[in-house]
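Report on one structure; see the data block that follows.
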Amino acid sequence: MSANIPQTGQKRIVIVGGGFAGLQLAQRLKRSNYQIVLLDKNNYHQFPPLIYQIATAGLNPSAISFPLRKLFAGRKNLYFRLGELRAIFPEQKYIQTSIGKLSYDYLVLACGATTNFFHNADIADKAMPMKTVAEAMGLRNALLSNFERALTCATEEERQELLNVVIVGGGPSGVEIAGAIAEMRRYVLPRDYPDLDASRMHIHLIEGSSKLLSAMSPQSSKQALEFLQRLNVEVALNTLVQDYRDRTVYLSDGRTIPSLTFIWVGGVCGVPLTGLPAASFGRGGRLIVNRYHEVKDCHDIYAIGDIALMEGDAAYPKGHPMMAQPAIQQGFNLSCNFLAIQQQQARTPFAYKDLGSMATIGRNLAVADIGRMHFGGFVAWFLWMAVHLRSILGVHNKLAVLLEWTWSYFTYDRSNRMIVRAKLPAVLQERRERENRTHWGDIKPPQDSASAEQNKPID
Ligand SMILES: Cc1cc2nc3c(=O)[nH]c(=O)nc-3n(C[C@H](O)[C@H](O)[C@H](O)COP(=O)(O)OP(=O)(O)OC[C@H]3O[C@@H](n4cnc5c(N)ncnc54)[C@H](O)[C@@H]3O)c2cc1C
């Protein structure tokens, strides 16, 4: 198998990852004189800030996903390939992918972050992460199936296990999913399951530090806690999850919570990469880059977005926040620099412009920090909706989300409550397994050089 990209004499930029960073770069270069190859393991761009709404039946996956091919239809210098990066061979300037070998003049790694389980095998094996649309669908199925089973299970103990929800991580994802599940308990459960006692459903949010939303202002942290308590979410601060086994969560304060819904949004680290020197990796398995996005100790390899840990920005000594805006702005800056290289002009060092951050907890309940200003409650909630609606790709998706939000605001309903279990036809399943085994071809994978830093937590 081969990636099948023609040699056109143009310099080839291979971008791995069509998330916020990679997509911004590819879109900005689509009219340039470079040959752009965008590789992604999915054929769509996803909008992670609304993933929790998929998990809680508020939105359909198609509303926050956009086909990558559609974005580049008709562009002759841009090639999209559905495939997964397997290894990088920096000396020979090519990458090995699930669809074959791909050579590059410049390689841009924009492959984002993945869930960090901090080496706890029990947790990694059994917890439900919520990083991708597919994982959010799995979570939605689990939540809804557990409600169904709670009606028919044999014992009270089992019913409690099915109704207890434990969420680990008090960052924006944890706060948002906790609020959304609390709203399901309040508005959906009594209507759909009148013979189930909704008050028996306990939602626990566990956070290791002393506050929620630690990257936001103290007012936002405090207000998020108040809002969650108002929704009857049981928040435990300064508490660590030590293990999850036998359907029980073990906490550092000695408590145990029996639960079949154990959601892990407790940390992220850079996606594992094979073939780069150990010195290129920093804290949390992110790639150390300079202000021109060049990866340390590599030649013609760049990293942008969540995977990049930029050194040299005095205001962000631990790198930029792993959020959409830094990713988009880095993609934009790198595109300008690639154009500058072609025009033999000076490149611009990256400077991050903080546009603020926000999190929503529930209906009319959100927090937002914009510059020195803090907003809470309805105003923040309205701002949150406007910003997210504006950022979703595609007019059709914007309208779909607006319609769903308006509908559920007035009806208190969440209309996507189907338990959908995907089943691949046998022939496709067989091919997928075969692909996973092969495509190293005649080459050996380089030694895995990800440094020991890979799984250290990110502050
Ligand atoms: C649940 C959730 C909620 C969030 N909420 C917010 C929010 O409200 N506001 C905010 O600013 N940020 C939020 N974020 C963070 C934000 O989504 C990320 O910071 C942003 O997506 C980073 O962009 P990126 O381009 O670096 O990576 P991503 O957007 O993650 O894109 C990475 C791309 O690389 C592809 N990829 C990965 N590995 C490979 C491989 N080996 N081969 C090929 N392709 C690969 C993936 O398929 C993906 O398309 C949230 C994140 C999550 C998970």
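Everything numeric here is computed off the predicted structure, so don't read it as measured data.
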Next on the checklist: Quick test of your reading of the model: are Lys222 and Glu226 salt-bridged, counting only N-O distances below 4.0 Å?
Outcome noted: yes
What is the minimum heavy-atom distance between [X] and [Y], and which atoms define it?
{"X": "Val233", "Y": "Arg185", "answer": "N-NH2, 4.2 Å"}
{"X": "Ala142", "Y": "Met128", "answer": "CB-SD, 3.7 Å"}
{"X": "Val289", "Y": "Ala308", "answer": "CG2-CB, 4.0 Å"}
{"X": "Arg159", "Y": "Leu151", "answer": "NH2-O, 4.1 Å"}
{"X": "Ile177", "Y": "Ala55", "answer": "CD1-CB, 3.9 Å"}
{"X": "Ala303", "Y": "Leu287", "answer": "CB-CD1, 3.9 Å"}

Spacing of [X] atom [atom1] and [Y] atom [atom2] [to the nearest 0.5 Å]:
{"X": "Leu82", "Y": "Asp40", "atom1": "CG", "atom2": "CG", "answer": "8.0 Å"}
{"X": "Gln27", "Y": "Leu78", "atom1": "CD", "atom2": "CG", "answer": "9.5 Å"}
{"X": "Leu365", "Y": "Glu183", "atom1": "CG", "atom2": "CD", "answer": "7.0 Å"}
{"X": "Gln329", "Y": "Met323", "atom1": "CD", "atom2": "CE", "answer": "10.0 Å"}
{"X": "Tyr104", "Y": "Asp300", "atom1": "OH", "atom2": "CG", "answer": "7.5 Å"}

Item to check | Distance-only polar pair, side chains of Asn333 and His293, donor-acceptor under 3.5 Å | outcome: yes
Item to check | No-hydrogen, no-angle side-chain donor-acceptor test under 3.5 Å, Gln223 and His374 | outcome: yes
Next on the checklist: Please evaluate residues Phe227 and Trp381 with respect to the criterion ring-ring contact (aromatic ring centres under 6.0 Å, His included), reporting the C-alpha separation (whole Å), side-chain torsions for both, the decisive distance (0.1 Å), and the verdict.
Outcome noted: CA-CA 12 Å; Phe227 290 158; Trp381 182 73; over 10 Å; no
I want to check something: taking the side chain as every heavy atom from C-beta on, are [X] and [Y] in contact at a cut-off of under 4.5 Å?
{"X": "Val165", "Y": "Ser259", "answer": "no"}
{"X": "Arg417", "Y": "Leu144", "answer": "yes"}
{"X": "Glu404", "Y": "Asn416", "answer": "yes"}

Checklist entry - Should Ile341 and Tyr34 be marked as a side chain to side chain contact (heavy atoms under 4.5 Å, CB included) after you check the CA-CA gap, both sets of side-chain angles, and the distance that decides it? => result CA-CA 11 Å; Ile341 290 173; Tyr34 287 105; 3.9 Å; yes
Next on the checklist: In terms of relative ring orientation, are Phe338 and Tyr106 parallel, tilted or perpendicular, with 30° and 60° separating the classes?
Outcome noted: tilted
Checklist entry - Going by the angle between their ring planes, with limits at 30° and 60°, are Tyr352 and Phe350 parallel, tilted or perpendicular? => result parallel
Checklist entry - Please walk me through it: do Met322 and Arg286 pass side chain to side chain contact (heavy atoms under 4.5 Å, CB included)? => result CA-CA 11 Å; Met322 292 164 91; Arg286 293 168 87 190; 3.5 Å; yes
Next on the checklist: Donor-acceptor pair, distance only, cut-off 3.5 Å: does the side chain of Asn397 make one with the backbone of Ala63?
Outcome noted: yes
Next on the checklist: Quick check against the 3.5 Å criterion: does Glu161 have a side-chain atom that pairs as donor or acceptor with the backbone of Leu260?
Outcome noted: no
Checklist entry - In terms of heavy-atom contacts, does NZ of Lys126 have more than 12 from other residues, nucleotides or ligands at under 6.0 Å? => result yes
Item to check | Neighbour count >12 (heavy atoms, 6.0 Å) for atom CZ, Phe382 | outcome: no
Item to check | Met358 vs Phe375, side chain to side chain contact (heavy atoms under 4.5 Å, CB included): CA-CA, chis, key distance, verdict | outcome: CA-CA 9 Å; Met358 42 184 71; Phe375 302 92; over 6 Å; no
Checklist entry - Going through the checks in order, is the side-chain hydrogen bond (donor to acceptor under 3.5 Å, both in side chains) test met by His202 and Glu234? => result CA-CA 7 Å; His202 293 279; Glu234 296 164 45; 2.7 Å; yes
Checklist entry - Does the ring-ring contact (aromatic ring centres under 6.0 Å, His included) test come out yes or no for Trp405 and Trp384, once each step is laid out? => result CA-CA 12 Å; Trp405 283 353; Trp384 179 92; 5.5 Å; yes
Checklist entry - When you measure from the centre of the six-membered ring of Tyr412, is the NZ or CZ of Arg191 under 6.0 Å away and within 45° of the axis? => result no
Item to check | Worked verdict on Tyr316 versus Met310 for side chain to side chain contact (heavy atoms under 4.5 Å, CB included) | outcome: CA-CA 8 Å; Tyr316 298 91; Met310 188 172 284; over 6 Å; no
